[in-house]
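Mind looking over this structure? Questions follow.
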Amino acid sequence: MDNKILDQLRHSCAHLLAAAVLDIYPQAKITLGPAIKNGFYYDIDFEDEKISPSDLKKIEEKMKQIVKTWTGFKKIEVSEKEAKKIFKDNPYKLELIDEIVSRKEKITLYQSGDFIDLCRGGHIEKPNENIKYFKLLSIAGAYWRGNEKNKMLTRIYGTAFFSKEDLDNYLKKYEEAKKIDHKKLGLQLGIYLLAPEVGSGLLLWAPDGAFIRRKIEELIYKEQEKRGYLHVYTPHIGKKSLWQTSGHWDLYRDKMYSPMNIDEEEYLIKPMNCPFHMMIYKSTPRSYRDLPLRIAEIATVYRYEKAGELSGMLRVRHITQDDSHIFCQEEKVIDEFLGVFEYMEYLLKIFGIKKYYLRLGLRSPKEKYLGNNEIWIKAEKEIVKAIEKRGLKYIRSEGDAAFYGPKLDVIIEDALGREWQCGTIQVDFMLPQRFNLEYVDKNNQIKRPVLLHRAPLGSLERWVAILIEHYKGAFPLWLAPKQVEILPISEKYNDHAKKIDNLLKENGLRSMVNSENETLGKKIRNATLKKIPYLIIIGEKEVEKNKIAVRTRKGEDLGQLEIN
RNA sequence: GCCGAUGUAGUUUAGUGGUAAAACAAACCCUUGGUAAGGGUUAGAGUGCGGGUUCGAUUCCCGCCGUCGGCUCCA
């Protein structure tokens, strides 16, 4: 199915939604209603009326009734004056009309049945025939024009398809996806937990989650050592003045926790590791022979996230980054950037993550940044040169830069199709200047290094959340906290099972015996639900032949294997 | 933070204006079993917290807290 036609169906369905809402709630002011990735929405100002999910049914019914009279979409071109007359009671549409006029575009209206909407077009031809399989899904708040200073509107989400089968499939897929949601699976598998007594967004890594994290950390240390990184440890707090030098205090303060007083001086909990790594760079005079200097640390940083933004392990208030700051000569930035990128690709491959995209985060006029225009353009150029050297595809995104420089991010979808920023590489000409970092080049000239900030996985909290969903809880052998569970068929074989268990442990396998007084079927069921990769069944036959019967978590029976 | 929903044993859920029901998990007993749930017994919550309405609230109302779906924001 052509996505464009599906979008047209969904956008048409959004018109229908608006028409039904106006029919039931005449005081409502409709605003915008686009097609989106998996459906459509319409943002509506219901004024004092409260809309809840229980109202969706009757809106759907009204839509079904109205669509019968919609034989097509009629395009009408109008003057500014006419448009403003038609929408005189709708301040949102009036605002849109002004914008269209200021862009010197034509004002187009589309009429279907009795309903007229300001719209640039893109509808299906026969709504009464094609809009049949749709469903309103949820209600949410959304700020007018996406700006939190504006009024919050009511957003109604829905989806539509050309066939009942496609619609049912989509709804079914969505239900399936909810089952592998890391928030649910992560708790079930004992990976993490959230205790209200601890505080919002502060997660506790349960033993199996901690195990997985440790394995990932081991991988990081091993791979980074190979690539010339030097690992350090730095404190979780530091003097406020340090953060004033770095610019965090001015531009990142709303993400930082309140200062604490120690010996009559103010200290802050770190939201980033940068300043500490700067100090390590500065601790001794540097020569070009020392560069690139790659200071790395797996470190937890603390950031204030708004309560409503928190989400399981994906969005928390303390994040553990696989962080590093690379100090290099300006002429080596592209090489370093590509080196980091190759490492990032290597990690994605190891974890089997194939579905992701790259986003180039640039400044937007709305936000505040450090430094001047020239230096930003230079940094952006370096990134683009590096990306193009490798021929990578990426999207440009204004407003996604760090406050000290542009960056390239890896964006990965979670089970429910939401996008999350994971790995990141950032080019920074700013902090070396603010911290007055220097090195001596081969002509004995003092030069300033360029800084790359990079975290190829992003944060371990988010990364493990992504992995839980990616593997559907069935972690690969190297990450699985328990690799083998030994199931004696009856208590008579417990001793023999224990011997096998010891043998496996001696050989470096993570095994355990389930000696519960339960049936084999039940033990298999429980171990399979825990996603344990291999089950070993021990009964009379195995003891006699000194063999083991092996079954996988997928249900394959590998038969009887020799022990040696 | 904002909009909406929601909060009942460890977990998943039921239920009612008259002081809570079940399954799974747990403990114990019987059973000693061959590839996704064997049977029984027992214990376990006063219904997120604080107010209010009421003779009486888990149920209705208000506030707070947590969680979920969005918005904004972000690793």
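Lettering of chains follows the sequences in order, A, B, ..., and the numbering in each one begins at 1.
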Problem set entry | C1' gap between rA5(B) and rU42(B), integer Å | 38 Å
For this session: Indicate whether any N or O donor in one side chain lies under 3.5 Å from an N or O acceptor in the other, for Ser511(A) and Asp501(A).
Result: yes
For this session: For rU41(B) and rG33(B), measure between their P atoms and round to the nearest Å.
Result: 24 Å
Exercise. When the C1' atoms of rC28(B) and rG44(B) are considered, how many whole Å apart are they?
Worked result: 15 Å
For this session: Report yes if the side chains of Asp414(A) and Trp420(A) come closer than 4.5 Å at any heavy-atom pair, otherwise no.
Result: yes
Exercise. Mind checking the C1' distance from rA14(B) to rU8(B)? Whole angstroms is fine.
Worked result: 9 Å
Problem set entry | Aromatic ring pairing Tyr92(A)/Trp144(A), orientation class (parallel under 30°, perpendicular over 60°, tilted between) | perpendicular
Exercise. Counting side-chain heavy atoms from C-beta on, which of rG1(B), rA75(B), rG69(B) comes nearest to Ala140(A)?
Worked result: rG69(B)
For this session: Please state how far atom CG in Leu185(A) lies from atom P in rU11(B), giving the value in whole angstrom units.
Result: 17 Å
Problem set entry | Side-chain N,O (Lys407(A)) to OP1/OP2 (rA75(B)) below 4.0 Å | yes
For this session: Could you tell me the separation between the CD atom of Glu305(A) and the P atom of rC74(B), rounded to a whole number of Å?
Result: 9 Å
Exercise. Does any N or O in the side chain of Arg462(A) come within less than 3.5 Å of the main-chain N or O of Gln421(A), such that one atom is a donor and the other an acceptor?
Worked result: yes
Problem set entry | Partner nucleotide, any strand, of rG56(B) [Watson-Crick/G-U, under 3.5 Å] | none
